[in-house]
Chemist: 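Quick one: the structure is below, and I'll ask about it shortly.
This is a predicted model, so every value here is computed, not measured. The figures that follow rest on heavy atoms only: side chains count, while hydrogens, waters and symmetry mates do not. Residues: numbered from 1 along the sequence shown.
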Amino acid sequence: QVQLVESGGGSVQAGGSLRLSCAASKSTYCMGWFRQAPGKEREGVARIYTRSGSTRYADSVKGRFTISQDNAKNTLYLQMNSLKPEDTGAYYCAAGRGTVVGGILVCGLQARDFGYWGQGTQVTVSS
């Protein structure tokens, strides 16, 4: 079992910044951030392979959000800049071992790649 605890959400005006943190009880193959707006499905925002540090972002956040990690502290971060009202939603930290694709473990931006979830932290961006 992996416990994940997010922090850092809040309310900000459009154009502002927030930094989310996620403390994990232990390391996993990959970690990521997802978000869910009211009435919408949960979507992958960013993910990182914990060993290599390789990252991937949703097109909607490229150039504005940065996922990073502190392996010594088993902590994941999401730096969010130039926030927009459409970034509003509950943000969830996720950890997992990926999905086997062609004999290789792959971690994308799909929920099926992650087996552990935090409780979520709310981000509200006002115009």
Side-chain angles (χ1 to χ4, degrees):
Q1 279 285 8
V2 180
Q3 282 75 46
L4 303 170
V5 179
E6 303 105 330
S7 60
S11 297
V12 65
Q13 289 193 328
S17 298
L18 282 173
R19 188 192 195 202
L20 305 182
S21 299
C22 172
S25 60
K26 62 181 180 181
S27 178
T28 57
Y29 182 61
C30 57
M31 296 189 73
W33 290 98
F34 286 72
R35 67 185 180 188
Q36 187 167 19
K40 295 189 176 181
E41 293 186 354
R42 188 173 297 190
E43 64 170 342
V45 173
R47 73 96 174 102
I48 187 167
Y49 284 111
T50 57
R51 181 169 293 183
S52 69
S54 174
T55 59
R56 179 178 175 182
Y57 298 91
D59 288 343
S60 58
V61 306
K62 279 181 184 176
R64 301 188 298 122
F65 290 13
T66 302
I67 187 171
S68 62
Q69 60 185 353
D70 183 334
N71 286 343
K73 297 180 180 180
N74 280 340
T75 301
L76 182 73
Y77 303 100
L78 185 67
Q79 178 66 43
M80 305 185 292
N81 299 328
S82 302
L83 282 161
K84 305 175 181 179
E86 50 263 44
D87 294 319
T88 293
Y91 281 69
Y92 298 89
C93 175
R97 60 178 185 178
T99 301
V100 177
V101 178
I104 301 173
L105 273 175
V106 175
C107 229
L109 294 174
Q110 293 76 37
R112 67 169 185 260
D113 297 334
F114 302 86
Y116 304 98
W117 298 86
Q119 81 286 354
T121 185
Q122 180 67 31
V123 171
T124 302
V125 184
S126 57
S127 57

Chemist: In Å, rounded to the nearest 0.5 Å, how long is the span from CG of Leu83 to OG of Ser11?
Modeler: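 One gets 11.0 Å once the value is rounded to the nearest 0.5 Å.
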
Chemist: Taking all atoms of both residues into account, what is the closest heavy-atom pair of Thr50 and Asn71, and its distance?
Modeler: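 The answer is O-ND2, 3.4 Å.
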
Chemist: To the nearest 0.5 angstrom, please state how far the CE atom of Met31 sits from the CZ atom of Arg47.
Modeler: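 CZ of Arg47 is found 13.5 Å from CE of Met31.
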
Chemist: Quick one, Val123 and Leu20 - any side-chain contact, counting heavy atoms below 4.5 Å?
Modeler: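 Side-chain contact under 4.5 Å: yes.
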
Chemist: Are the side chains of Met80 and Trp33 in touch, meaning some heavy atoms are under 4.5 Å apart?
Modeler: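 No, too far: nothing below the 4.5 Å cut-off.
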
Chemist: Does the side chain of Phe114 come within less than 4.5 Å of Phe34's, by heavy atoms?
Modeler: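 Contact flag for Phe34/Phe114 side chains = yes.
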
Chemist: Working to the nearest 0.5 angstrom, can you tell me the gap between Lys73 NZ and Ser21 OG?
Modeler: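 Answer rounded to 0.5 Å: 9.5 Å.
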
Chemist: Of the non-hydrogen atoms in Ala24 and Leu4, which two are nearest, and what is the gap between them?
Modeler: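 Closest approach of Ala24 to Leu4, heavy atoms only: CB-CD2, 3.6 Å.
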
Chemist: Could you tell me whether the side chain of Tyr57 reaches within less than 4.5 Å of the side chain of Arg64, counting heavy atoms only?
Modeler: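 Not in contact.
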
Chemist: How far apart are the closest heavy atoms of Ile67 and Thr55, and which atoms are they?
Modeler: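 Closest heavy-atom pair between Ile67 and Thr55: CG2-CG2, 3.6 Å.
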
Chemist: Grab the two heavy atoms, one from Val61 and one from Val45, that are nearest each other, plus how far apart they are.
Modeler: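 Scanning both residues completely, I find the closest heavy atoms to be CG2-O, 3.6 Å.
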
Chemist: Closest approach of Tyr49 and Cys107, non-hydrogen atoms and distance?
Modeler: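 Closest pair (atom of Tyr49, atom of Cys107, distance): OH-N, 2.8 Å.
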
Chemist: Show, in sequence, the C-alpha distance, side-chain angles and deciding distance for Ser27 and Asn74, and conclude whether the side-chain hydrogen bond (donor to acceptor under 3.5 Å, both in side chains) test is met.
Modeler: CA-CA 6 Å; Ser27 178; Asn74 280 340; 4.6 Å; no

Chemist: To the closest 0.5 Å, what do you measure between NZ (Lys62) and CZ (Arg56)?
Modeler: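 Between atom NZ of Lys62 and atom CZ of Arg56 there are 8.0 Å.
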
Chemist: Could you tell me which non-hydrogen atom of Tyr29 sits nearest to which non-hydrogen atom of Leu105, and how far apart they are?
Modeler: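 In this case the closest contact between Tyr29 and Leu105 is OH-O, 3.2 Å.
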
Chemist: I want to check something: taking the side chain as every heavy atom from C-beta on, are Asp113 and Val106 in contact at a cut-off of under 4.5 Å?
Modeler: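 Asp113 does not reach Val106 side chain to side chain.
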
Chemist: Kindly list each side-chain donor-acceptor pair under 3.5 angstrom involving residues 88-97, sequence neighbours excluded, with atom names and distances?
Modeler:
residue : atom : partner : partner atom : Å
Thr88   : OG1  : Pro85   : O            : 2.9
Thr88   : OG1  : Val125  : N            : 2.9
Thr88   : OG1  : Val125  : O            : 3.4
Tyr91   : OH   : Arg35   : NH1          : 3.0
Tyr91   : OH   : Asp87   : O            : 2.6

